Amino acid sequence: TTEIRLASRPTGWPSEENFDFATVENPPLGENQVRVRNEFISVDPYMRGRMSNARSYVAPYEVGERITGGAVGRVVESTSEELPEGSLVTHQHGWSDGIQADAKTFKKVPEIDGVPNSVRLHILGMTGMTAFVGLREIAGLKEGETVFISGAAGAVGTAAGQIAKLMGAKRVIGSAGSPEKVKLLTEKYGYDAAFNYKDGDVRGQLAEAAPEGIDVFYDNVGGEHLEAALAEFNDGGRAALCGAISSYNSTEAPAGPKNMSNMVTRGLKMQGFTLGNYLYAAGDFNEQMSQWFADGKIVYDETIVDGIENTVDAFVNMMKGANIGKMLVRI
Ligand code: NDP
């Protein structure tokens with residue numbers, strides 16, 4: 001099998017030089033092991049954080065180590081009773097075309113007729129659950145509220161907009177980085193208003209889209225978006241800080257928000273979160289999301305790049321906004 005390893009820690013934007021492609025020879029299967037051929041591997045923004053050695057909520061990747069992360073694949077050889085050949089599984093072994101490991105490091109997932117197995121890496125998986133947890137556990141979204149979502153056309157954002165509506169939000173506003181994405185938000189994802197942050201004046205555009213202010217801010221971006229939300233919050237507003245992608249590849253320190261005093265005067269709450277601390281909500285998420293999904297209430301997009309050799313490109317281009325919905329590599 002072929003796997004991708006971190007060759008050196010990137011400064012600023014990662015490039016091909018920061019990665020090595022290595023060939024792995026697999027020994028015969030041991031007891032309770034499986035060999036899996038990957039169908040899709042996931043490229044995610046948090047991986048950028050793990051390529052640096054700064055303190056974070058997950059340990060950094062070691063130089064020389066495979067880039068681990070989400071993937072979905074099929075068991076092609078097995079000595080495990082629980083995971084016979086042919087089983088569809090998700091796992092965290094990451095950027096490789098296949099993997100051999102202990103059966104307990106894989107999770108068997110059901111297949112859904114007419115639905116690609118890749119949904120287990122986004123809408124019915126990690127990014128979908130992140131959106132759910134952020135709105136329910138962190139922001140405590142209530143019926144009739146106005147929600148603003150930054151990074152709205154990405155994997156988490158497209159899920160968040162739909163979940164907010166299904167949870168009874170009155171008005172959902174999104175921002176994204178191209179006219180095409182903005183159009184999709186209102187036409188496909190049920191957003192009531194959307195704008196292109198690259199047109200500038202994020203605060204002015206938000207104020208226009210939310211004439212009655214916002215109650216909940218679901219932030220994937222940080223920086224100017226957070227600044228704008230702080231200015232447009234209604235009393236008692238809540239921000240769920242999910243990510244700050246505007247600074248992930250920047251070599252300068254991000255500017256701090258100027259409107260922090262509104263936190264006090266308007267009684268705002270702002271809370272960052274990482275999904276790993278909210279895994280108790282997985283049962284609720286799976287139940288609720290599968291139901292919505294089965295009822296045809298959930299749509300999604302995928303941007304698929306073919307071939308493991310294009311993984312680094314897919315990863316970097318995702319952070320530059322080349323994706324609509326979830327960016328994936330098909331093996
Ligand atoms: P996306 O599918 O949203 O892809 C990243 C998107 O970020 C791009 O498509 C691009 O869209 C946007 N972007 C890049 N640079 C900027 C910028 N400077 N300003 C505004 N937007 C920018 O990725 P995910 O859905 O996987 O992740 C979204 C966010 O959620 C990230 O911040 C990620 O770190 C976070 N996250 C947090 C988790 C948690 O547990 N807290 C779990 C999963 C994700 P555009 O064209 O609109 O610029």
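Atoms within each ligand, like the ligands themselves, are counted from 1 in listed order. Worth saying up front: this structure is predicted, and the values here are computed from it rather than measured.
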- Query: Would Asp192 and Lys165 pass as an ion pair if we require N to O under 4.0 Å?
  - Reply: yes
- Within a reach of under 6.0 Å around NZ of Lys188, are more than 12 heavy atoms found that belong to other residues, nucleotides or ligands? yes
- Message: Holding to side chain to side chain contact (heavy atoms under 4.5 Å, CB included), I want the full list of residues that pass it with Ser246, two or more places apart in sequence or in another chain.
- Response: Val221
- Task: Answer whether the closest heavy-atom distance between the side chains of Lys326 and Ser42 falls below 4.5 Å.
- Result: yes
- Item | side-chain hydrogen bond (donor to acceptor under 3.5 Å, both in side chains) partners of Arg120, counting only residues at least two apart | none
- Query: Under a 4.0 Å heavy-atom cut-off, which residues neighbour ligand 1?
  - Reply: Pro45, Met126, Thr127, Thr130, Gly154, Ala155, Val156, Ala176, Gly177, Lys181, Tyr197, Asn220, Val221, Cys242, Gly243, Ala244, Ile245, Ser246, Tyr248, Phe273, Thr274, Leu275, Met318, Met319, Gly321, Asn323, Gly325
- Message: Listing request: all side chain to side chain donor-acceptor pair (under 3.5 Å) pairs with a residue in residues 314-324, at least two apart in sequence or in separate chains.
- Response: none
